[in-house]
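Quick notes on the structure that follows.
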Amino acid sequence: MTQPTTGLPTDFIRDIIDDDLRIGRLKGQVATRFPPEPNGYIHIGHAKSVCLNFGLASQYQGTCNLRLDDTDPTGESMEYVESIIRDVHWLGFDWRDRLYYASDYFEKLYQFAVELIKTGNAYVCSLNADEVRENRGTFTEPGRESPFRNRSVEENLDLFSRMRAGEFADGAHVLRAKIDMAAPNIVMRDPVLYRIKREPHYRTGAQWVIYPMYDFAHCLSDALEGITHSICTLEFENNRPLYDWIVERLIPENRPRQIEFARLNLSYTVLSKRRLIELVKKGYVQGWDDPRMPTVTGMRRRGYTPEAIRNFCAQIGVAKNDNLIDVSLLEHCVREDLNERTPRVMCVLRPLKVVIDNYPEGQEEHFECQNHPQRPELGVKQVSFSRVLYIERDDFMEDPPKKYHRLGPGREVRLRNAYVIKFERMVKDEASGEVVELHCTYAPETLNGPPADGRKIQGVIHWVSEAHCVPAEVRLYDRLFSIEDPGAEEDFINDLNPDSLKILTSCYAEASLEKVAPGSQYQFERLGYFCVDPDTASGRAVFNRIVPLRDSWTRITAGDKK
RNA sequence: UGGGGCGUCGUCAAGCGGUAAGACACAGGACUUUGGUUCCUGCAUUCGGAGGUUCGAAUCCUCCCGCCCCAGCCA
């Protein structure tokens, strides 16, 4: 028995379902569906819908179908179907044997259309597209009835079967619902139900030359599958009367309830299919799985986890307000998850050589270090130390500000998991004046504690041993667009962030990173979370920055500059 | 302009006539061998505006203002 639940996220859709359950409106259990059109890759906005539909099904012990809404062969393909299946699975959802295609219903849909003709609810209209548009009227003027509106049932039946048989050219005729050309809702002014399109379908091939429109196919597919709650986005609100009109006349005993919610908008990115396709097709990104893309496949390659994405979708809620969610919330969810699960490692992105003058030449030490400071169960690893090291260029300043807790003339700093070292001198390149090497001394007693005199060491920096480290390439990703709402601009390409990708090819990672598996995630201490990219080939590790660590230092310095 | 929706903190979002949850962001502070994590603290006398009903309104009524969607043989 399905019961209203408590303690889970609540929203107006769950309120409606709870009501339906209380009143006993449902014959069986709750049934939802996720109905993407296979003409593109799914993105974070789809993920919101996936989480909603599958989440509802599991919360109410019902079912959620995966249905490919493939009623327009233009642009649809098996590649997209496969990507959608892979991505929804990866997000953590399972539709068992309920994988459906609207194209599997083409014959049934055709019969339903015939029925509509027989009951006088549909007719074949032979106006061309321009004429149909002209006759539709405007927001303020009613439309005019088609001269073909009152054809006999026999003539309509004959014409419609000949449309199917391929006797006519594209656009010669359409099947239209006979509703009301004066309806204030334009959707109800005799909407087109079927169009002739001599285009091969990726699943049905050349079998059909007429294809049902969304409004006709979607509601009937829902009813056929016994969907109880058909959840879609706000822009379909105007189509609801038509949805109900069609189902009422053809499958009245099984009428799904359409509920609309606000689609997701995310700051600093675009989520419209058209714009995403443009980014891919015109090469502004390297593909659907470019780690900067808001696609599920892009986020997966970037290193985001399904848990983080699901949690994000739960956090943003479901309502009917237009929204623009701050990416920082997504980043928060990603960090929250990665902080728990990733081992900590050291990697120097922009190396600066450091020689420890008082450390014996040829000597080396191997320290056992925790993989995670708060989770000892994640085990330990070995970190090697020797006389020549590399530190981050950013961790040394010739003339640092007072609150800078790192290395500079006369300063000392702790090397993470190792000794406290003190600056002695620097070596500059004579031509450029650039600091190319540092000489320091270390305090032997500081390996496992503070200096002998108890003086406080403020800063801790990461490092690698020259003799032990492994080379790596690191790709630093930033937001794809430089303005909050690029989707609002027609020429959104102008708002692309020129610094959305920086490739660093001479990074040094600690020895434990010598062999890494694509997809595995790490925290590079003090830098951020990183993920092994599939481009990692033999001998050379490639890491994607998933998201930087929160950083109160750059915030302070940025503040100083103002 | 006709129709359909929506307006609660910088961004989301609870609230369903009884006197504004929570999250992110932001700002302080504690702790810290990650300027990370964690932990405290602060952050809407006010709910698009104006009237009205009521002992009492973000919640009910009226009018006004603003934003989004619809005139594809796309979904």
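Lettering of chains follows the sequences in order, A, B, ..., and the numbering in each one begins at 1.
For the OP1/OP2 pair of C74(B) and a distance below 4.0 Å, the side-chain nitrogens and oxygens of K197(A) include at least one atom meeting the criterion. Side-chain N/O atoms of N128(A) include none lying less than 4.0 angstrom from OP1 or OP2 on C73(B). Residue R133(A) places at least one side-chain N or O under 4.0 Å from the OP1 or OP2 atom of G72(B).
Between H405(A) and G35(B), a base-stacking contact is recorded: ring centres under 5.5 Å apart, planes less than 30° from parallel. For the pair W553(A) and G35(B), the ring geometry qualifies as stacking, because the centroid separation is below 5.5 Å while the planes lie within an angle under 30°. Remark: ring of F139(A) stacked against base of C70(B); centroid gap under 5.5 Å, plane tilt under 30°.
Distances were taken from every side-chain heavy atom of V460(A) (C-beta onward) to each of G3(B), U34(B), C74(B); the shortest belongs to U34(B). Closest approach to the A319(A) side chain among A75(B), C24(B), A13(B) is made by A13(B) (side chain taken as heavy atoms from C-beta onward). Comparing C73(B), C24(B), U37(B) by their nearest atom to the side chain of S328(A) picks out C24(B). When distances are taken from the side chain of Q315(A) to each of A23(B), A71(B), U1(B), the shortest belongs to A23(B). The side chain of R195(A) lies closest to C74(B) when the candidates are C74(B), C12(B), U34(B).
Under the Watson-Crick or G-U wobble criterion, with both distances below 3.5 Å, C26(B) is paired with G42(B). The partner of G2(B) is C70(B), by the rule that a Watson-Crick or G-U pair needs both atom distances under 3.5 Å. When Watson-Crick and G-U wobble pairs are counted only if both distances are under 3.5 Å, U62(B) pairs with A50(B). G18(B) is paired with C55(B) under the criterion used here, namely a Watson-Crick or G-U wobble arrangement in which both key atom distances are under 3.5 Å. Using N1 to N3 plus N6-O4 or O6-N4 for Watson-Crick, or N1-O2 and O6-N3 for G-U wobble, each under 3.5 Å, U37(B) pairs with nothing.
Between A71(B) and G66(B), the two P atoms lie 23 Å apart (nearest whole Å). With C1' as the reference atom, C26(B) and C43(B) are 8 Å apart, rounded to whole Å. Across G52(B) and G10(B), the matching C1' atoms stand 34 Å from one another, rounded to whole Å. Comparing C65(B) with A50(B), their P atoms sit 15 Å apart, to the nearest whole Å.
Under a cutoff of 6.0 Å and an axis angle of 45°, R162(A) and F168(A) do not form a cation-pi pair. Cation-pi contact between R344(A) and Y522(A): absent, since separation from the ring centre below 6.0 Å together with deviation from the ring axis within 45° is not met.
Side-chain atoms of N238(A) come within donor-acceptor range of the base of G3(B), with a qualifying N/O pair under 3.5 Å. You'll find a donor-acceptor pair under 3.5 Å spanning the side chain of Q523(A) and the base of U34(B), going by distance alone. For G35(B), the base has a donor-acceptor partner in the side chain of R406(A) [N/O atoms by modelled type, under 3.5 angstrom].
Looking at heavy-atom distances under 4.0 Å, L127(A) makes contact with a base. Y404(A) comes within 4.0 angstrom of a nucleotide base, judged by non-hydrogen atoms across all strands. Contact annotation for V413(A): no contact, since no heavy-atom pair falls under 4.0 Å across all strands. Across all strands, N417(A) comes closer than 4.0 Å to base atoms (heavy-atom distances). Base contact: V174(A) has a heavy atom under 4.0 Å from a base atom. Using a 4.0 Å heavy-atom criterion, one finds that T74(A) contacts no nucleic acid atom at all.
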Which atom pairs link the protein and nucleotides 42-44 of chain B when you take only N or O atoms and keep those under 3.5 Å?
none

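Nearest-nucleotide assignment on RNA chain B puts the 5′-proximal partner with F12(A), out of F12(A) and N448(A).
Remark: aromatic rings of F524(A) and F543(A) are close, center separation under 6.0 Å.
Below 30°, between 30° and 60°, or above 60°: for Y194(A) and Y110(A) the angle between ring planes is above 60°, a perpendicular geometry.
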